[in-house]
Amino acid sequence: MAQLLPVVDTPSRAESETVRTTSDGARGPLRKRTFRTQFRHYKWLYLLLLPGILYFAIFRYGPMYGVTIAFKDYVPFLGVNGSPWVGVQNFADFFANPDFPRLMGNTLILAGLSLGIAFPLTIVLALLLNEVRLSILKRTVQTLVYIPHFLSWTIVASLSFLLFALDLGPLFHFLNGLFGTEIDFLTDPAWFRPLIVLQDIWKNTGWGTIIFLAALSTVDQDQYEAAILDGAGRFQRVWHITLPAIRSTIIVMLILAIGQMLNTGFEQIYLMTNALNRSVADVFDTYVYFVGITQGAYSYSTTVGLFKSVIGIVLIFGTNWLAKRFNQSGLF
Amino acid sequence: MKQTTWNAVNAPFSRRALFGGAIGTAVFALTACNSGSTAPVDLSTVNIMAPFLGTDAPLPGGELQGKVEAATGKTLNINWTPNSSYEDKTNITLAGDDLPHVMVIQGKSPGFVKNAQAGAFWDLTDKLKDYPNLVTTLPQVQLNASINNKVYGIFRGRTPMRTAVILRKDWLDRLGLEVPTTTEELYEVAKAFTVGDPNGDGKGGTTGIMIPKWPGSIGSNSPYDVVEEWFGAGNRWSERNGSLVPSFETDEFLEANKYVKKMVDEKLINADFATADSTKWNDAFFNGKAGIIIDVDSRVAALITLFKQANPDDFENKVTFTGNLTGPDGKLYAHPTDGYSGFLAIPKSSVRTEADLKAVLEFLNAMNSKDVAVLLNNGIEGVNFTVTDGRAILVETETAESKKVTEDVKSFSQLGTSVKGDEFYKVQQSTEYEQKVYDERLVVMAENLKSAVYNPAAPYVSETYVAKGAQLDNIIADARIKYLAGQIDEQGLKDAIKLWGTSGGDQIKEETNKLWQENQ
């Protein structure tokens with residue numbers, strides 16, 4: 001997510017820059033001339049824009065043409081252009097499919113859990129780290145909590161399998177011994193979501209703190225001193241100074257997280273799925289893989305992917321609008 | 001990373017757009033001058049797309065490739081593609097403009113069927129008879145590899161009978177038991193292996209049968225499919241009262257799964273059968289966690305090798321095997337595969353005319369001669385193997401040259417078709433004991449083949465099955481596992497079978513029966 005920031009940020013900033021310059025002289029011919037003279041004047045600087053524009057045109061916008069196959073019956077041999085149009089048939093099939101409510105439910109529940117549990121935990125961890133005064137300890141802990149981020153999901157899944165394996169895993173024995181139960185965590189549908197959320201927390205929470213820690217480092221230290229003089233305790237300082245100071249960062253991160261909500265993480269879920277927990281494990285991402293790649297239904301799976309993306313965009317704009325309504329600075 | 005799927009699905013288009021955009025403009029100038037598109041294709045070089053299963057693809061200009069080129073009179077330009085991404089690459093290639101003359105297709109996947117029915121490949125049904133090396137001696141297998149009796153490729157023949165029950169011989173001996181011949185006896189042996197202290201350590205911890213998480217759905221030669229067939233449920237489809245029914249709609253299917261469930265409940269089968277890692281299958285057997293594996297007979301050799309590596313002085317009599325088992329009705333229904341592993345297809349957009357097709361088929365005819373079959377599957381005689389008594393013996397002192405050839409054979413064997421059965425040399429096993437077991441395997445499998453029950457619907461591809469068959473199959477495969485694990489009861493399993501029917505299965509049944517009846 002951290003890498004996403006500049007990508008989203010750059011074009012919007014560039015755009016607003018252009019808007020500002022062109023709207024400087026609001027009257028028609030004048031504006032035109034100013035833009036042209038400006039362009040001539042700065043042509044070499046504008047040239048620097050070219051690689052970026054080309055990159056987006058070729059690698060981001062060009063391929064989007066392929067999305068048209070969501071409205072076609074795509075056969076690779078016939079090509080994107082040669083395949084027959086079928087209108088919204090694929091969408092109709094998808095929404096009428098008995099799998100649809102289940103996929104939607106599973107996706108939303110997992111997304112909700114991740115947003116409701118993993119996201120606040122990141123902030124809490126960042127606050128905790130921020131309160132550590134011993135620099136060497138803080139840095140050590142920071143490094144340690146970053147490490148899981150660099151392990152691939154394959155390794156995380158393998159570790160989970162080792163820890164929770166039936167009759168062999170140490171955690172399987174420990175937890176079942178502690179509560180006198182006989183739960184097979186890896187296949188029990190009731191335990192699928194907790195496992196996924198736990199893995200998510202273990203792997204991503206530490207890494208997620210980076211941006212919040214950066215925001216925390218900009219908080220005015222004088223305010224803390226003033227607050228201490230006024231007799232504010234630690235929690236009061238966090239509540240009244242720290243959190244308001246990083247509020248805009250939290251909101252930006254929240255908007256981004258909500259935009260990514262339906263991307264539940266293909267690898268993680270795919271690796272943890274088996275025949276016994278599939279009913280709660282199937283999400284849009286795994287479904288697209290299963291239908292698209294293993295069944296060769298490219299049109300249909302593109303339809304599902306497109307639907308997911310549209311929902312993602314609606315969510316981003318929706319949250320942004322809400323954030324602005326409540327007088328917070330939005331993303332754009 | 002979160003966008004994996006989206007990218008994966010879009011890969012064909014993004015790549016295409018990329019190449020189309022970048023190369024398209026560059027090529028435009030060239031094509032403008034060279035507008036005559038009906039120019040004859042130059043077939044002195046044959047372009048081939050094939051998967052490779054080893055670690056490295058053979059380099060062009062290798063010794064083996066040179067020999068194959070000399071024997072066929074063509075220059076080969078082979079695009080070796082990693083096996084794991086072969087299916088994706090196939091579709092990307094088909095969507096592109098630069099198709100090979102010969103493509104290895106790995107099976108009748110929905111993608112291939114759609115492309116073939118849209119006219120992407122030559123229909124070879126009436127053409128093969130003119131090429132002596134391409135006329136099959138196994139017409140049933142050719143039919144199995146066809147799409148509704150239309151042959152779109154030259155099938156790559158594989159031994160159809162491979163099913164074996166593999167057991168720990170030392171455990172049987174210690175408990176004074178015989179190799180089982182019926183499903184009832186298999187149960188008894190599994191029970192004895194679980195509760196009877198087969199390793200003699202006085203502790204428990206042994207399981208009868210080991211089954212790993214099965215990657216395939218129904219009809220993927222899983223231990224479950226095999227047991228169902230033994231019980232008489234048929235092979236995917238079964239003929240009942242003059243029409244075909246899916247094997248899971250038969251009573252025998254339920255009986256077979258009740259039998260397996262009984263063993264699961266009594267812990268004669270490993271409890272983690274839904275999640276166990278299949279790469280640990282041999283380990284569990286070797287380490288004495290489980291004593292029975294139901295799989296293919298070639299696993300016998302792999303297991304013997306494991307014991308041999310651990311103790312070269314004492315590895316005999318650790319592993320034994322038998323073929324298919326007699327079901328409860330006293331009859332033997334042996335489980336065969338469809339007898340092929342994909343086929344070599346000829347795309348129409350690269351081989352445009354009948355004359356070109358003839359040239360390609362002549363090339364494939366040469367590829368399927370006995371001499372080339374030996375090159376593709378054994379290597380170069382005198383370099384990496386010698387022949388004694390009709391068996392290939394790998395050279396003892398390996399040179400860089402022989403190593404290279406042996407390594408290349410792993411990939412080149414993917415181009416072999418064996419439509420007349422295997423015509424290359426069988427490899428001499430490294431010890432007398434292994435040779436003995438190998439010979440036994442041939443005998444048992446040949447005997448079992450006589451009782452093979454084939455899938456009567458193998459040649460037929462129903463339209464609905466192409467559209468959503470894999471999803472529907474999963475309903476049954478999941479329900480079967482859930483039933484065995486006790487998540488659902490027998491009624492639940494029956495409900496899942498009903499759900500299969502109402503979600504589109506009934507249409508598949510109707511279409512398949514129609515195709516089957518038309519071709520009787």
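A, B, ... follow the sequence lines: proteins, then strands. Residue 1 opens every chain.
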Problem set entry | Exceeds 12 heavy-atom contacts within 6.0 angstrom, atom CD of E182(A) | no

Exercise. Given that the side chain runs from C-beta out, which part of F161(A) has a heavy atom under 4.5 Å from chain B: side chain, backbone, both or neither?
Worked result: side chain

Exercise. What distance do L168(A) atom CG and D272(B) atom CG have between them, rounded to the nearest 0.5 Å?
Worked result: 7.0 Å

Problem set entry | Rounded distance (nearest 0.5 Å) linking atom CG of D478(B) with atom CG of L276(A) | 8.0 Å

Exercise. Counting heavy-atom pairs under 4.5 Å to chain A, which of S503(B), G469(B), S349(B), G119(B) comes out on top?
Worked result: G119(B)

Exercise. Can you tell me if NZ on K280(B) sees more than 12 non-hydrogen neighbours from other groups inside 6.0 Å?
Worked result: no

Problem set entry | Choice from Q117(B), Q471(B), R480(B) maximising heavy atom contacts with chain A below 4.5 Å | Q471(B)

For this session: Check P189(A) against Q487(B) and note the closest heavy-atom contact, atom names and distance.
Result: CD-NE2, 3.4 Å

Exercise. More than 12 heavy atoms of other residues, nucleotides or ligands under 6.0 Å from OH of Y146(A): is that the case?
Worked result: yes

Exercise. What closest approach, in Å, do N474(B) and F290(A) show between heavy atoms, and which atom pair accounts for it?
Worked result: ND2-CZ, 3.6 Å

Problem set entry | Within-4.5 Å side-chain heavy-atom neighbours: V75(A) and N115(B) | yes

Problem set entry | K348(B) atom NZ, neighbour heavy-atom count above 12 within 6.0 Å | yes

Seminar exercise, completed: Smallest heavy-atom separation, N274(A) atom then A274(B) atom, equals CB-O, 3.8 Å

Exercise. Is the CH2 atom of W202(A) crowded by more than 12 outside heavy atoms at less than 6.0 Å?
Worked result: yes

For this session: For the residue pair V291(A) and K468(B), establish whether any side-chain heavy-atom pair is separated by less than 4.5 Å.
Result: no

Exercise. Can you say whether A116(B) sits under 4.5 Å from chain A via the side chain, the backbone, both, or neither, judging by heavy atoms?
Worked result: neither

Problem set entry | Heavy-atom neighbours of D98(B) CG exceed 12 at 6.0 Å | no

Exercise. What do you reckon, is OH of Y270(A) surrounded by more than 12 foreign heavy atoms closer than 6.0 Å?
Worked result: no

Problem set entry | Any K114(B) side-chain heavy atom under 4.5 Å of P76(A) side chain | no

Exercise. From T275(B) OG1 over to F164(A) CZ, what is the distance, rounded to the nearest 0.5 angstrom?
Worked result: 13.0 Å

Exercise. For E266(B), does the CD atom sit with more than 12 other heavy atoms under 6.0 Å from it, leaving out its own atoms?
Worked result: yes

Problem set entry | Minimum heavy-atom distance between K482(B) and A275(A), given as atom pair plus value | CE-O, 3.8 Å

Exercise. Given a strict heavy-atom distance threshold of 4.5 Å, which part of T273(A) is in contact with chain B: side chain, backbone, both, or neither?
Worked result: backbone

